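For reference, the structure discussed in these notes is given below.
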Amino acid sequence: VLHDKDRIFTDIYGEAGAGLAAARARGDYDGLKDLVLMGREAIVDAVKKSGLRGRGGAGFPTGLKWSFMPKETDGGPVYLVVNADESEPGTCKDREIMRHEPHKLVEGCILAAVGMGCTAGYIYIRGEFVREGEQLQRAIDEAYEAGLLGRDIAGSGFDFELYLHRGAGAYICGEETGLLESLEGKKGQPRLKPPFPAMVGLYGRPSTVNNVETIAQVPAILRRGADWFAGLGRENNTGTKLFCISGHVNHPCTVEEEMSIPLRELVDKHCGGVRGGWDNLKAVIPGGSSVPLIPKSVCDEIRLDFDDLKNAQTGLGTAGVIVMDKSTDVIQAICRLSKFYMHESCGQCTPCREGTGWLWRVMTRLVEGRARPEEIDMLFDVSKEIEGHTICALGDAAAWPIQGLIRHFRPEIEARIKERAPAAAMAAAS
Amino acid sequence: MPKLTIDGIEVDVPAGATVFQACELAGREVPHFCYHPRLNIAGNCRMCLVEVEKAPKPVASCAMPAADGMVVHTASEKAKRAQKGVLELLLINHPLDCPICDQGGECDLQDLTLFYGPDSSRFAENKRPVADKHMGPLISTHMTRCIHCTRCVRFANEIAGVEELGATGRGEDMEITTYLEHAVTSELSGNVIDLCPVGALNSKPYEYTARTWELKKHESVDVMDAVGSNIRVDVRGNEVMRILPRLHEDVNEEWISDKTRFVYDGLKKRRLDRPWVARAGKLEAADWRGAMAAIRARLDGVPGTKIAAIAGDQAELEAMAALKDLMGELGSPNLDCRQDGAKLEGARAGWLFNTTIAGIERADALLLVGAFPRYEAALVNARIRKRQRLGGFKIGRIGCPGDLTYPTTDLGAGPQSLVDLLAGEHSFAEVLERAERPMVVVGPGAVARPDGAAVVAKAREVAERFGMIRDDWNGFNVLHAAASRVGGLELGFVPGAGGRDVEGILQGARSGEIEVVYLLGADELDTRGLENAFVVYQGSHGDAGARVADVVLPGAAYTEKAATWVNLEGRPQRSKLATFPPGEAKEDWRILRALSEVLGHKLAYDTPAQLRRRIVEAAPHLGRIDHVEPAPWADFGGAGKLDDAPFVSPIADFYRTCAVSRASAVMEACVEEIRGQQLKATGSDD
């Protein structure tokens, strides 16, 4: 359980105001000069030691990612890119940060830039986040005015420019290389890797793309020490995390909690429990729409962190916890997600372009039971043809929810087919 | 050099190679659609997935750099499953209309499905239809068949240099289309038909006319320009059904221009299929004996100095050699193969593309003088663009404005700019100075003018001044637009001592000093005034030359003879007979051989082999097929005053440059649509 003293986002509900004065009152930018003067290696070491893992979904160790950036360059620009294209269904954490704590992000950008030797940063914000974009731009302007961005930041001698760029609302532009393409003004289609962005990124220059929450947590880590952060949560799953709980709970909310909190505790403590009580729970999608769901039997014991969820054949993803009670037509729910992935597929590579449509069409039939039982296996097989065969992870994201559904709710799908069968037979006979 | 193990075979690959290339080196075939060695890597078809040990997922081999110690399995369970899966997904929305698809029989999707595909479909949904797009008169589209490999898009962007193809929409709604459904305004657009691995982009003129397996394939050489593109002429019966490129790394790589590819319907129209003789100013049908008798009767008693011969732009080596010999027998010094009036003769280095086409890739600076290679030699232009895309290649241009598909520094309009450059008055002089292997290309717009010889001399000065002439590098180049030109110059088909050149011959014909003019396929002349002379026209098409002729002798077009052409580099190449000439038409050297006998000056050869032996005796390097004999640097060019007139390319209309292309309805359609579009785009029709 997270104590208030360990909270990083102390004003995530926007009670004190998002402006610079309020941010400073919360401790933002406190001793920024000293933090900047820690220097590149000390910052990367601290982030490595803290055990911070990327908060955007993949959970890659942030310090390690930063260390991939070339130590020496030809003197040309090196970029920090912040992924603020938060579009994962069920996720609304970066939005809260940009609304209410934008200065945490700005300060994080500065320190991340020091850690990677970046000369400029771009925050790529989701197009729909109109007000959040305004808020963030205000924060950037304030920081420039206060000498916290631009040349000689806070008297440290470090120069760094920060820009805000608005996307146009395509989900695929949240994929890091798709984002880079879009930022360059091209069609948002993910790039082939290798080369990785750390070598050839934005405009062909070394770049690192980090999630908003990841970056916004960095100042606290540096200020309070890596050991403090590493002492929260479990080994390999350290620190605090913003969880976004939606669906059939009494009080849906975004809340900062300690990593590895049991799912049941999170729901009961912060959301007033599942609608109709814990026993009314049917399933939970624990990490945004891209990860497989888990049924109640798994939910009873599971902890919300990278490793525990991975062992349950799902993932922490963005920590967008979608709760479904027994009133849910879980087949219909997953079918809706399939439609989303079909709609958002960029169309560049074959498995995703062709496969997402196939998945959705079969899913629509399963919703009505308009299928043969052996088509369930076929659907699973097709999802396996997509998974791992695409340029980016959208193919996996389209396949996993369906795999989770079949893994845990196969009897329900079969029952629906059976239920319809006599009716269909009668219709055929008449 | 990384060492990899591919299916148990160890291979060393050059640094920078991909896993795909390593597999090829190991002799393992990896199925693929989007990968093409001449295009950027897209990695989007996912067909080339292979298993790499220690990699968590199958790897797209075309995009993965080969690393030392990689262990690759191209046909393991995991790899096969991935490949099979991708192919199944490609097929679910493919119409499977192979029986009515032109690509049938030469389709990558068909071939790979045979080896990697399922034998039946599990796809029970409706297939996705896609509306066909309009891409102009050359490319027919069946977009439902498209597998979105983006080869065509990459070709247009990278090689053709026109950003007119692209994909709209996303996910399964992604569609390949041209910009606003306009025709592709590239003279290389037809190559996307070859690149398309399925039947989505097909040849519009060839559409539904033949099945590939009915066609006989003949290796040949193109004569639409002086590049000598290697082509394959596909024939059914005695009819050319289509023309495709043949691979020749040093000449055309694997591309050909649209004129080369689509001109063949012009071979079937306006053909001269029997001899004609004019009686009372009107051509009447005749037979060979009658036609030759008429020539003999007119030539009787005419002195050699009053006889002249002009060879056209598509004449082959054999016919020009025979005609030259015949003129020699008749005592005429009046012969010329430069019907555009180009002032080129003398030392070989003065009229060859000395750097060679492939050599462009080694150059590091280029100066175009009176050249518009995009239309004069489209594949030389493609090579220049290829070099330019690699970077470190500045291109200067004098005269001939217009879009060449790559950026140029324009130095001026006419010869004066050459003088200024020599004086170091333009910053481009510095570029040339600093370059290690600079080259200059002198185009027809610079030499086919009264001061042509003086311009050549100036260009020669530029070459010498900027270090373009060294033992290991010759950067002086002449760009020809006529396929016959270099061959004619090699044979010395130019005025003999006291002889007249083209202009002199035409003037003489008007004034009566020349009584008999022999036109060997020469149609691009100012024929006004020729009615005063007795004109013999030998050629394949009823075009400008035949219109003023007194005797018409039907010859063979370029696909109808086994003949030799020398391209602008000086590379002799031989074609094979693909179809027979129509009607009574004959191979051209045979006509001249027969005529010589009728005229009582029997030429000393009865077979092509004997004729070629005679050519090789005079110029041994012409016997070495596909070999470029380097020309030693020598003195050439002429004196004279430089004119102020700007250089203008003689090719105003890319699609209509010869008798064949003027007879072609397809080329006519291109003029209407593509040229029309281009003019509109530049606003020059307002």
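None of the values given here were measured: they were computed from a predicted structure. The sequence lines fix the lettering, A, B, ..., with proteins before strands; numbering per chain opens at 1.
- Counted within 6.0 Å of CD on Glu125(B), heavy atoms from surrounding residues, nucleotides or ligands total more than 12; the atom is thus considered enclosed.
- No side-chain heavy atom of Arg353(A) sits under 4.5 Å from any side-chain heavy atom of Asn44(B).
- Contact between Arg122(B) and Trp358(A) at its shortest, heavy atoms only, is O-CZ2, 3.7 Å.
- Of the listed residues Ile92(B), Val86(B), Asn93(B), the one with more heavy-atom pairs under 4.5 angstrom with chain A than any other is Ile92(B).
- If you tally non-hydrogen atom pairs under 4.5 Å between each of Cys349(A), Gly355(A), Pro195(A) and chain B, the highest count goes to Cys349(A).
- For Tyr179(B), the OH atom sits in a loose shell: 12 or fewer heavy atoms of surrounding residues, nucleotides or ligands are nearer than 6.0 Å.
- The number of heavy-atom neighbours closer than 6.0 Å to CD of Glu163(B), taken from other residues, nucleotides and ligands shown, is 12 or below.
- When the shell of 6.0 Å around CD of Glu374(A) is examined, it contains more than 12 heavy atoms from other residues, nucleotides or ligands.
- For Met64(B), the part sitting under 4.5 Å from any heavy atom of chain A is the side chain, from C-beta outward, and nothing else.
- In terms of heavy-atom proximity, Pro58(B) sits nearest to Gly388(A) at CD-O, 3.7 Å.
- Of the two parts of Glu172(B), the backbone and the side chain both hold a non-hydrogen atom closer than 4.5 Å to a non-hydrogen atom of chain A.
- Put simply, of Cys34(B), Cys149(B), Cys45(B), the one with the most heavy-atom pairs under 4.5 Å next to chain A is Cys45(B).
- In the displayed structure, Lys71(A) atom NZ is contacted under 6.0 Å by more than 12 heavy atoms of other residues, nucleotides or ligands.
- Contacts with chain B (heavy atom to heavy atom, under 4.5 Å) involve these residues of residues 389-403 of chain A, listed by number: His389(A), Thr390(A), Ile391(A), Asp396(A).
- Closest non-hydrogen pair, Asp381(A) versus Arg81(B), comes out as OD1-NH2, 3.2 Å.
- Looking at Ala170(A), the atoms closer than 4.5 Å to chain B (heavy atoms on both sides) sit in the backbone and in the side chain alike.
- Atom NZ of Lys133(B) is surrounded by more than 12 heavy atoms from other residues, nucleotides or ligands within 6.0 Å.
- Taking the charged nitrogens against the carboxylate oxygens, Arg46(B) and Glu354(A) have no contact shorter than 4.0 Å, which rules out a salt bridge.
- Contact count versus chain A (heavy atoms, under 4.5 Å) is highest, among Glu88(B), Lys57(B), Arg128(B), for Glu88(B).
- Against chain B, the residues from residues 178-193 of chain A that qualify, each with a non-hydrogen atom under 4.5 angstrom away, are Lys187(A), Gln189(A), Leu192(A) in number order.
- Contact count against chain A (heavy-atom pairs under 4.5 Å) is highest for Ala82(B) among Gly166(B), Ala82(B), Gly169(B).
- The choice from Ala371(A), Gly357(A), Cys346(A), Cys352(A) that makes the most heavy-atom pairs within less than 4.5 Å of chain B is Cys346(A).
- When heavy atoms are compared at a cutoff of 4.5 Å, Phe123(B) approaches chain A by way of both its backbone and its side chain.
- Heavy atoms of other residues, nucleotides or ligands lying less than 6.0 angstrom from NZ of Lys310(A) number 12 at most.
- Only the side chain of Leu49(B) comes within contact range of chain A, with at least one heavy atom under 4.5 Å from a heavy atom of that chain.
- Atoms CZ and CG, from Arg361(A) and Asn126(B) in turn, are 8.0 Å apart once rounded to the nearest 0.5 Å.
- For Phe306(A), there are no ring-ring contact (aromatic ring centres under 6.0 Å, His included) partners at least two apart in sequence or on another chain.
- Neither the backbone nor the side chain of Ala60(B) has a heavy atom closer than 4.5 Å to any heavy atom of chain A.
- Going from atom OG1 of Thr350(A) over to atom CG of Leu91(B) covers 10.5 Å, rounded to the nearest 0.5 Å.
- Within the 4.5 angstrom heavy-atom criterion, atoms from both the backbone and the side chain of Ala167(B) approach chain A.
- Of residues 331-344 of chain A, those residues with a non-hydrogen atom less than 4.5 Å from any non-hydrogen atom of chain B are, in numerical order, Met342(A), His343(A), Glu344(A).
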